[in-house]
Q: 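Pasting a structure below so you can have a look.
Just follow the structure's listing: the first ligand is 1, and inside any ligand the first atom is 1. One is the number of the first residue; the rest follow in order along the sequence. Just so it is clear, the structure is predicted and the values come from calculations on it, not from any experiment.
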Amino acid sequence: MQKANSDKIKLVVYISMAVIALILIIFLILREPDPQYSERSFQTLGTYVTVRVAGEKVSTNTLLDIIENELNRINDKFSANNSSSVIYELNKNREIKADDETLFLINSALNISKITGSAFDLTVRPLVRLWGFDDEFSEKRLPEQWEIENILNIIDYRFIEVDESASRIRILKEGLEIDLGGIAKGYAVDRAINRVKEIDAGATGFVDAGGDIGIIGPKFGKLPWSIGIRNPRAESAYEINDIVHLYSGSIATSGDYERFFFEGDVRYHHILDPKTGYPAKNAISVTVIGDNLLMADALATAIFVLGYDNPGFDYFTNLGVQAMIISPDLDIKETKGFNYFRGKWEKMKFINKKDLIVLIILGGIISSFFIFSYVFSDKNVTGANVFIDGVLYMQIGSEGRYEIFDNENEYLQTVIFNNGRIKVIESECKNKVCEHTGWISNSNQKIICLPFKIVVEPIGGKDDSGVDLYTW
Ligand code: AMP
Ligand code: MG
């Protein structure tokens, strides 16, 4: 009776443990993690910006303010159209005393102009103005060939002189103007994210500046953000061609659908080739993924200008970015590592590596518990038969201590049935002639205790010994 009860209790404990383990696993897989995101949208940097952020230490509203202020600050400081910006001043006065930030940004733009062989060129502004892409209110028109040629003669980043020791920037060619439109947006987003990280390293979210995106931190601190890449020929910006998944870093896309006009059947757009003076013809969309958005943004423009057939396309991976380009015939080409961002780790949205490790540990603990209890449990031993000299002396059916006496009522031996296992008190086995003492729980084991010829045979008891009989 006692034994049956303890079996029931064990069964209940096992089932409860299994249920708890199952609930834990389901909870781990399905739990919607804590951070609450707030979103804010506003217009700056010539585009529509959407920020989604959740703070760890700092309130979400404070973080949104920091980001909005930083983007506005950089827009005001570097927009060529803003009459109080340093770029406006430089274009007008041909020379400025520049602070470190301005020196850094102009140097970055010059450097990218250099490494892309002027496909990206920060002096492209006169051309941008000629086409009317400098401002949404400017008249967009197809210029005369001679107008384009006149401007091509002056566009060249080498006419920008940076004197770092004197903190001075000069434009050496008349008529030449600077436009940071292809890089300022990326820089601004990088800066805004840095500012957030400085005061709240655990903040997560993203800054989306018109489709150029910088990741603040993984979704809920552990999942990648899934980013759809627009189908360049779809009507809506929400029709996508592809999906990538980013835990961090940045992604920028340059497309011929962003700012354009039609003249007849021909689409004229805002990404201008500094070599021809016309909108770049040999691509319709370029997406670049990189560590920072300054690089990704500027290189998307550059790779667009260089076009689908550019033999140096793969070279850009040396700059730490991955790129995908779509040709006017809708052919798609990408650098080797681009596919990584579609990878299966990224696609497993419901589980990330950290959770998997927790699950493995948990699974390990639970399965070792079951293995352990299987190996050491004697749950099948329900009792024992005790023989003296071949004659059944007693049947043990429940756990306890059983004393064995001979016909003369002389004490011989004690058998212990405890926790599903059976043993005799070895020290009482006279002259150490007991065979197979110790706890037994296998159905084909027995304890033999000489010289009284006591044999204890378990009843039930699983046989996991791997052998059928013993020789000794
Ligand atoms: P994005 O939309 O990021 O490709 O940037 C395009 C903007 O960069 C345009 O609106 C221009 O202000 C500027 N831009 C256009 N063509 C070039 C170019 N070849 N190099 C540098 N900036 C350019
Ligand atoms: Mg760009």
Q: Compare all side-chain heavy atoms of T47 with those of E258 and state whether any distance is below 4.5 angstrom.
A: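 Answer no - side chains too far apart.
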Q: Does ligand 1 have an atom that lies less than 4.0 angstrom from a heavy atom of F120?
A: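 Distance cut 4.0 Å: F120 passes for ligand 1.
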Q: Pick, from L272, D179, I303, the option with the minimum heavy-atom distance to atom 19 (N) of ligand 1.
A: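 Among L272, D179, I303, the closest heavy atom to atom 19 (N) of ligand 1 belongs to L272.
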Q: Under 4.0 Å from a heavy atom of S254: give me the atoms of ligand 1 that qualify, with their elements.
A: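 Ligand 1 atoms under the 4.0 Å threshold to S254: 1 (P), 3 (O), 4 (O).
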Q: Pull out every atom of ligand 1 sitting under 4.0 Å from any heavy atom of T301, numbered as shown with elements.
A: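 Taking each heavy atom of T301 in turn, ligand 1 has 1 (P), 3 (O), 4 (O), 5 (O), 17 (C) under 4.0 Å.
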Q: Can you measure from CD1 (I332) to CD1 (I326) and round to the nearest 0.5 angstrom?
A: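 Going from CD1 on I332 over to CD1 on I326, the span is 4.5 Å.
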Q: Answer yes or no for G255: is there a heavy-atom contact with ligand 1 below 4.0 Å?
A: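 The answer is no, since G255 has no heavy atom less than 4.0 Å from ligand 1.
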Q: Distance under 4.0 Å to a non-hydrogen atom of D297: what atoms of ligand 1 satisfy this?
A: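 Numbered from 1, ligand 1 contributes 3 (O).
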Q: Aromatic contact between Y37 and W225, with the criterion being ring centroids under 6.0 Å apart: yes or no?
A: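 So the answer is yes for these two rings.
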Q: If you measure from each non-hydrogen atom of D121 to ligand 1, which part falls under 4.0 Å: side chain, backbone, both or neither?
A: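 D121 to ligand 1: backbone contact only, side chain stays beyond 4.0 Å.
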Q: Any non-hydrogen atom of P274 lying under 4.0 Å from ligand 1?
A: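 Yes.
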Q: Counting heavy atoms only, which of H270, K275, H269, R259 is nearest atom 15 (C) of ligand 1?
A: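 It is H270 whose heavy atom sits nearest to atom 15 (C) of ligand 1.
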Q: Does the side chain of D331 reach to within under 4.5 Å of the side chain of Y308, using non-hydrogen atoms?
A: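 D331 vs Y308: side chains touch.
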Q: Sequence neighbours left out, what pairs pass salt bridge (Lys or Arg N to Asp or Glu O under 4.0 Å) with at least one residue falling in residues 38-61?
A: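 Pairs touching residues 38-61 that pass the test: E39-R52, R40-D65, R40-E68.
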Q: Which atoms of ligand 1 have any heavy atom of A119 under 4.0 Å away?
A: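 Taking each heavy atom of A119 in turn, ligand 1 has 18 (C), 19 (N), 20 (N) under 4.0 Å.
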Q: Only distances under 3.5 Å count here; give the side-chain donor-acceptor pairs of residues 278-286 to other protein atoms, sequence neighbours excluded, each with its distance to 0.1 Å.
A:
{"unit_1": "Y278", "atom_1": "OH", "unit_2": "Q145", "atom_2": "OE1", "d": "2.6"}
{"unit_1": "N282", "atom_1": "ND2", "unit_2": "D309", "atom_2": "OD2", "d": "3.1"}

Q: Anything under 30° is parallel, anything over 60° is perpendicular, the rest tilted; go ahead and classify F133 against H270.
A: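 Because their plane-to-plane angle is over 60°, the rings of F133 and H270 count as perpendicular.
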Q: Has T301 got a side-chain atom pairing as donor or acceptor with D297's backbone, closer than 3.5 angstrom?
A: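 Between the backbone of D297 and the side chain of T301 there is a qualifying donor-acceptor contact (under 3.5 Å).
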Q: Less than 4.5 Å apart, side chain to side chain, heavy atoms only: is that true for V51 and D208?
A: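 No, their side chains stay 4.5 Å or more apart.
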Q: State whether the shortest distance between N or O atoms of I271 and N or O atoms of ligand 1 falls below 3.5 angstrom.
A: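 Min N/O separation from ligand 1 is not below 3.5 Å for I271.
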Q: One residue to check: A298. Relative to ligand 1, which of side chain, backbone, both or neither has a non-hydrogen atom less than 4.0 Å away?
A: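 Neither; nothing of A298 gets under 4.0 Å from ligand 1.
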Q: For ligand 1, note which part of E258 has a heavy atom under 4.0 Å away: side chain, backbone, both or neither.
A: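 The answer is the side chain of E258.
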